[in-house]
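All figures in this text were calculated on a predicted structure; none of them were measured in a lab.
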Protein chains: 2
Amino acid sequence: MGIRELAKHLNISIGTVSRALNGRGDVNPETRRRVLAAAAELGYSPNQSGRSLRQGSTSAIAFMLQTYSGAELYGEPFFIGLFSGVQEVLARHGLDLIVLLNTPDGDHEAQLRRVVERRLADGILIPWTRRIDPRLDYLIQRGFPFAALGRSESGGDHPWLDLDFEQAADVAIDRLAGFGHRRIGLVNNGHDLMHGHILLAGYRRALARHGIGFDESLVRTEEMTEAGGYRLAEGLLRDGPLPTALLVGSERVAVGVYRRLNEAGIRPGRDIAIIGGMIDSPASRFLSPALTCFRLSLHDLGVRLAEALLATMPDHAEAYGGGTVQALWPLELVPRESDLMRLGG
Amino acid sequence: MGIRELAKHLNISIGTVSRALNGRGDVNPETRRRVLAAAAELGYSPNQSGRSLRQGSTSAIAFMLQTYSGAELYGEPFFIGLFSGVQEVLARHGLDLIVLLNTPDGDHEAQLRRVVERRLADGILIPWTRRIDPRLDYLIQRGFPFAALGRSESGGDHPWLDLDFEQAADVAIDRLAGFGHRRIGLVNNGHDLMHGHILLAGYRRALARHGIGFDESLVRTEEMTEAGGYRLAEGLLRDGPLPTALLVGSERVAVGVYRRLNEAGIRPGRDIAIIGGMIDSPASRFLSPALTCFRLSLHDLGVRLAEALLATMPDHAEAYGGGTVQALWPLELVPRESDLMRLGG
DNA sequence: CTGAAAGCGCTAACAG
DNA sequence: CTGTTAGCGCTTTCAG
């Protein structure tokens, strides 16, 4: 079933069929009706390869999802929420979202080159940038449209959105310091991910603001998983006096921390204050004690991210004119139980 | 940068370039070397649209991921594991995996038709079948290659893989009955998902084997989320004497159940036995008490699912000959703490 | 072993 | 408003 066949069935030319299907103005309404009816009846839609080849664009946007364990910083719930916003915007432009998972061999760069060189999509969204991220330089060099989720020292002047980790660190440390804490630990991700660096910088700055000295032994790098949280707590218990408060990267880490502390008879919110997680993932509320964390609108972030990308694509920019998007996304503290303890004094 | 340009740069014909790039035998080794070198140097890969159009196939397999809340039966960790296996197999055939998320409007069938009619992929993987699932009938009618994860009453004779929920129900009920339980509750998903029906049937049959009467009030339908688990526990507490044991669909549900029971001073593994979750998701081990659940190899399941699909595709079948795959996947019980209680008597 | 040429399905430019 | 036609980039057939 190609356009040729459909045209023959209707006794008109393929040109007219194409114009009718694509909503061009110069088609007799009755003709258009017949074409649409026949297409629906016969289950015809234009072949995407033919279309892409002719138009020089694929009508698809790729999202490079990395699944190596340490990248589960916010866990997958993060992406599900994000995608709904991204798709909402893409749908306005008739664009498909295709999610590409990193291959088992894990060569992100090769995979990215493949997308660009084979032209698998018209634009690409790059989450979890690294501090040094050759992907961004490559995309700029190729002139391929993209938007990054996360800042980076690479890539020069390019569109990005990022969570405001500095602000989150400020708010968290203010709150904990206000409760009387001065030994506040931080769990950070590894992998040279940019937000790890930023969170650490924010943490240091906020401590300094409160006149609290930086203690290297209170900062740990771990996988952002339950197992990582467990190992972290294990290490803290082993290494000496526990910090009185802890800032952790995700509710997944918190689950592991809770577990290990629980085994040691230590209860968050009573014996140690914990703030964790940037996206208020569904579990946070239902842990015992409920986890104080941060919240943001993933849907809205997805909308904005998609718009930032489209703004760089000539065919779609008109609706989103006005320069390269580079913006921080606010995080709102959700106070719950896990940090509800005031230090004596 | 097209093949034409590359050919001109090398002073040979595009036909030879194509043959060299595609590993055809009838190319002078020295010519091939030069072509490959130039392609690498200039960052050339064949345009996928042109290739697809010519070959009549896209070199892509689609995976229709549904994200409506109730479908988070096993949560997203399920898919991440599955995908690694799927991709391993696809990579052997030079096929890309593209994940399509359901659109916000949620019309799964329209989205499926789009994939088939526009030829966005050569084959498709359909997870979480419904008992009545028009998608399968449609795919069969169009002759489009697919494999389903989950059984269905629709779709006639088609390739599928499914978790062995009957066996899991058997093992769980045997274990709980062996501990002396006779009031065993079940939390099931809604949405007419096939495994809900199967799990319920297995549960009933296993109870009967132990001479335990079926009590409708012990079976609840809930979203497979933390909030669903919380509501469930809430309902059970409200409605009268708690069951002494509970079989829940996922560790996410368990988190909510734990929370509500904890608020009521009821401790799993001491006051009520809980078995939950089919895939031993990372959190299970780290909840307190650790959740007794089931385990399977997601990677291997993904491998087998991809193979089941390829076996139906003429271009790839040779390696996986031998009929339509229809198989149950075993689930292994992982005993932990949440059900470790023996009922007096 | 290589070059020339056809044609995959479609859209857009152009002529009527 | 409609028909005709070129050509997007590629692979493959065929002739040499």
Side-chain angles (χ1 to χ4, degrees), chain A residues 1-36 38-39 42-60 94-96 114-122 314-315, chain B residues 1-36 38-39 42-60 94 96 114-122 315:
Chain A
M1 168 93 290
I3 198 173
R4 213 140 235 132
E5 207 178 326
L6 181 60
K8 182 173 294 177
H9 176 261
L10 286 162
N11 266 312
I12 56 178
S13 75
I14 61 168
T16 302
V17 171
S18 175
R19 286 191 297 268
L21 252 23
N22 288 297
R24 292 272 173 288
D26 52 356
V27 180
N28 184 311
E30 170 59 13
T31 307
R32 185 193 309 281
R33 201 197 50 70
R34 286 182 56 224
V35 171
L36 258 33
L42 301 178
Y44 168 83
S45 286
N47 177 298
Q48 187 59 46
S49 298
R51 213 160 195 260
S52 300
L53 184 54
R54 175 60 226 239
Q55 305 195 127
S57 63
T58 62
S59 298
L95 296 167
D96 284 323
R114 205 177 136 79
V115 172
V116 172
E117 291 173 8
R118 306 191 83 112
R119 195 63 198 261
L120 297 177
D122 299 336
D315 287 359
Chain B
M1 168 93 290
I3 196 172
R4 209 140 239 134
E5 207 177 328
L6 181 60
K8 181 173 295 177
H9 177 261
L10 287 162
N11 265 314
I12 56 179
S13 74
I14 61 170
T16 301
V17 171
S18 174
R19 285 191 297 269
L21 252 23
N22 288 296
R24 291 271 172 287
D26 52 354
V27 178
N28 184 312
E30 169 58 13
T31 307
R32 184 192 310 282
R33 199 197 50 68
R34 284 182 56 226
V35 171
L36 260 32
L42 302 179
Y44 168 83
S45 287
N47 177 298
Q48 187 59 46
S49 298
R51 213 159 196 259
S52 299
L53 185 55
R54 174 61 225 234
Q55 305 195 127
S57 63
T58 62
S59 298
D96 283 322
R114 205 178 138 79
V115 172
V116 172
E117 292 172 8
R118 306 192 85 112
R119 196 62 198 261
L120 298 177
D122 299 337
D315 287 359

Checklist outcome for this item: Angle separating the five-pair end axes of the helix from C/dC1-D/dG16 to C/dG16-D/dC1, nearest 10°, is 40°

Checklist entry - For C/dG3, does OP1 or OP2 lie under 4.0 Å from any side-chain N or O of B/T16? => result yes

Item to check | A/S45: partners by side chain to side chain donor-acceptor pair (under 3.5 Å), with sequence neighbours left out | outcome: B/E117

Checklist entry - How would you list, by chain and number, every residue that makes a side chain to side chain donor-acceptor pair (under 3.5 Å) with A/R114, sequence neighbours excluded? => result B/D96

Checklist entry - A/K8 has an atom NZ; how far is it from atom C1' of D/dT4, in whole Å? => result 16 Å

Next on the checklist: Just so I know, are the side chains of B/R119 and A/S49 near enough to count as touching, which here means a heavy-atom distance under 4.5 Å?
Outcome noted: no

Next on the checklist: What does the B/S/- profile of nucleotides 5-11 of chain C look like, 5' to 3', with a 4.0 Å heavy-atom cutoff to protein?
Outcome noted: -BBBBBB

Item to check | Separation of C/dC1 P from B/R33 CZ (nearest whole Å) | outcome: 15 Å

Next on the checklist: Just the rounded figure in Å: distance from P of D/dG3 to CG of A/D26.
Outcome noted: 12 Å

Checklist entry - Is B/I12 close to B/V17 at the side-chain level, that is, under 4.5 Å between some pair of heavy atoms? => result yes

Checklist outcome for this item: Nearest heavy-atom approach of A/L95 to A/A60 is CD2-N, 4.1 Å

Quiz: residues 1-8 of chain B side-chain donor-acceptor pairs under 3.5 angstrom, not counting sequence neighbours:
| residue | atom | partner | partner atom | Å |
| --- | --- | --- | --- | --- |
| B/E5 | OE1 | B/M1 | N | 3.3 |

Checklist entry - How far does CG of B/L53 sit from CG of B/N47, to the nearest 0.5 angstrom? => result 10.0 Å

Anything under 3.5 Å between a donor and an acceptor, one on a side chain of residues 19-28 of chain B, the other on a protein residue two or more places apart or in another chain? List them.
| residue | atom | partner | partner atom | Å |
| --- | --- | --- | --- | --- |
| B/R19 | NH2 | B/T16 | OG1 | 3.2 |
| B/N22 | OD1 | B/R51 | NH2 | 2.4 |
| B/N22 | ND2 | B/S18 | O | 2.8 |
| B/N22 | ND2 | B/S18 | OG | 3.4 |
| B/N28 | OD1 | B/E30 | N | 2.7 |

Checklist entry - When all nucleic acid strands are considered with a 4.0 Å heavy-atom cut-off, which category describes A/S52: base, sugar-phosphate, or nothing? => result nothing

